[in-house]
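Remember, it's 1-based here, ligands and their atoms both numbered in the order they're listed. Worth saying up front: this structure is predicted, and the values here are computed from it rather than measured.
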Amino acid sequence: NWKLTLTIFIILPPILLVAKAFARRVRRFSHVNMRSLGEMTHILQESIKGHKIVKIHNGREYEKQRFFQVANRIRQFQQKALVAGAGNTAAVELITAITVSVVIVLSTLYAIQEQQSVGHLLAFYIALGLTLSPAKRLASAMQPLQKGLAAAESIFEVLDEEREKDLGTHELPRVNGDIIFCNVSFSYPGTDKQVLKNINLKLKKGMNIALVGHSGSGKTTIANLIPRFYDIEQGSITLDGVDLRDIKLQSLREQIAIVSQDIVLFNDSVLANITYGMSPRPTMEQIQKAIKLANAEEFISQLSEGVETPLGEDGATLSGGQRQRLAIARAFLKDTPLLILDEATSALDAKTEELIEESLDRLKSSKTTITIAHRLSTIINADLIYVMKDGEINSKGTHAELLEKSELYRQLYQSGNLDPS
Ligand SMILES: Nc1ncnc2c1ncn2[C@@H]1O[C@H](COP(=O)(O)OP(=O)(O)O)[C@@H](O)[C@H]1O
Ligand SMILES: [Mg+2]
């Protein structure tokens, strides 16, 4: 009966429209939910890791509130998603019920007018029932589907992140370590502020240069550019005459060791930490030698299981100076031609600093080194000192020369702190 069938086709689309509207709500709420779950993990992690700060600054209430807020948001949106899902089922059922009633009324009318047989009608009803239940099932599949889609979107956001550009083809053998910065300007991605302006730097093999300047003047940024943690927009940086962008990233980074202020240690043994990422694995002899050169022998031997001692999360069981010496041992083992020391000796007591200075001096010999330091003793012997100011090189020279010609250097020197924060 074409008239009846037509009636059904007129009434069916609303089912789909309603299902779609609910589906959109479910998807939106699932999105918020997922983001809030991430936030909750983040808050938990922060407050557990920073438990000392939380306690000393009386931040318990604040953390509790932060957690409560996000937990509450999750509850709210989960509830909304559930309501939307349930509403979907109810609305679909309602519309089907209405459809069926309308069809029954109409068919009865047609039947009376056109003298259709009861058999025909019955067949039609059965067919109608058979079509409606898959349609309902389709509508109820919408909800898990939408939740899945919301999750997939979050995953694809991460997958779609741009890869580190690695278009270089040069594989470098062990380099000499000649680095040249030529008119380099740089701003961090997503910011307007130029943090480096027209930088020109020259390092020859085995040279030891130092960068000094007020905090925020761009010293660490210069160090970040050499292993290409960021790419420059203007100017060029070359290593042994090859533009950094033409060198394979891995090959470039194999040439560089960095010891910085924030040392990352993994939840693993001392041994695993200082041989991190090295293949082939260095021999025990090499490892012992590196430990010795880093002045780390004594404290490691006092650990309960020597080099096999697990360090706990982020090396929580070690002091600042001990962590630093592990990082230096790492750099000794890596034995690269290029070395970057970024405030490697800050926040240490005089005796530990002496120990570390001593091992750093050993480490620096025969390497091209960039030292960023805020203590005079670390840089007084540098071959060349660059004084940075607001992203520019203010002046350069040896310690004696700079004392003579640079007002800024004299100020830094007199304050006794070459990177006053
Ligand atoms: N990841 C980053 N994103 C945006 N701006 C940054 C980033 N890191 C540093 N900066 C900015 O760059 C400038 C130079 O910072 P930095 O090189 O760390 O200085 P320094 O090491 O001399 O103290 C500062 O103004 C700082 O705010
Ligand atoms: Mg810095």
The Mg ion (ligand 2) to nearest N/O/S of Thr221 below 2.8 Å: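 It does not; every qualifying atom lies at 2.8 Å or beyond.
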
Partners passing salt bridge (Lys or Arg N to Asp or Glu O under 4.0 Å) against Arg75 (at least two apart in sequence or in another chain):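 Residues passing salt bridge (Lys or Arg N to Asp or Glu O under 4.0 Å) with Arg75: none at all.
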
Nitrogen or oxygen of Val195 less than 3.5 angstrom from that of ligand 1: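 Among all N and O atoms of Val195, none is under 3.5 Å from an N or O of ligand 1.
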
Heteroatom proximity flag, Thr221 to ligand 1, N/O under 3.5 Å: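 Among all N and O atoms of Thr221, at least one is under 3.5 Å from an N or O of ligand 1.
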
List ligand 1 atoms under 4.0 Å from [X], heavy atoms only on the residue side.
X	result
Lys193	25 (O)
Tyr230	1 (N)
Ser215	23 (O)

Gly216 to ligand 1, any heavy atom closer than 4.0 Å: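 Flag set, Gly216 near ligand 1.
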
For residues 276-284, dump all side-chain donor-acceptor pairs below 3.5 Å to protein atoms at least two apart in sequence or in another chain.
from   : atom 1 : to     : atom 2 : distance (Å)
Thr283 : OG1    : Gln286 : N      : 3.2
Thr283 : OG1    : Gln286 : OE1    : 3.3

Glu63 with Arg60: basic N within carboxylate O range, under 4.0 Å: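 Result for this pair is no, no salt bridge flagged.
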
Check ion pair Asp335-Lys367 (N to O, under 4.0 angstrom):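 Result for this pair is yes, salt bridge flagged.
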
Six-ring centre of Phe67, Lys64 cation under 6.0 angstrom, axis tolerance 45°: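 No, cation not above the ring by the 6.0 Å, 45° rule.
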
Location of contacts on Phe229 toward ligand 1, heavy atoms closer than 4.0 Å: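 No part of Phe229 comes within reach of ligand 1.
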
Atom CD of Glu298 with >12 non-hydrogen neighbours under 6.0 angstrom: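 12 or below, so no.
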
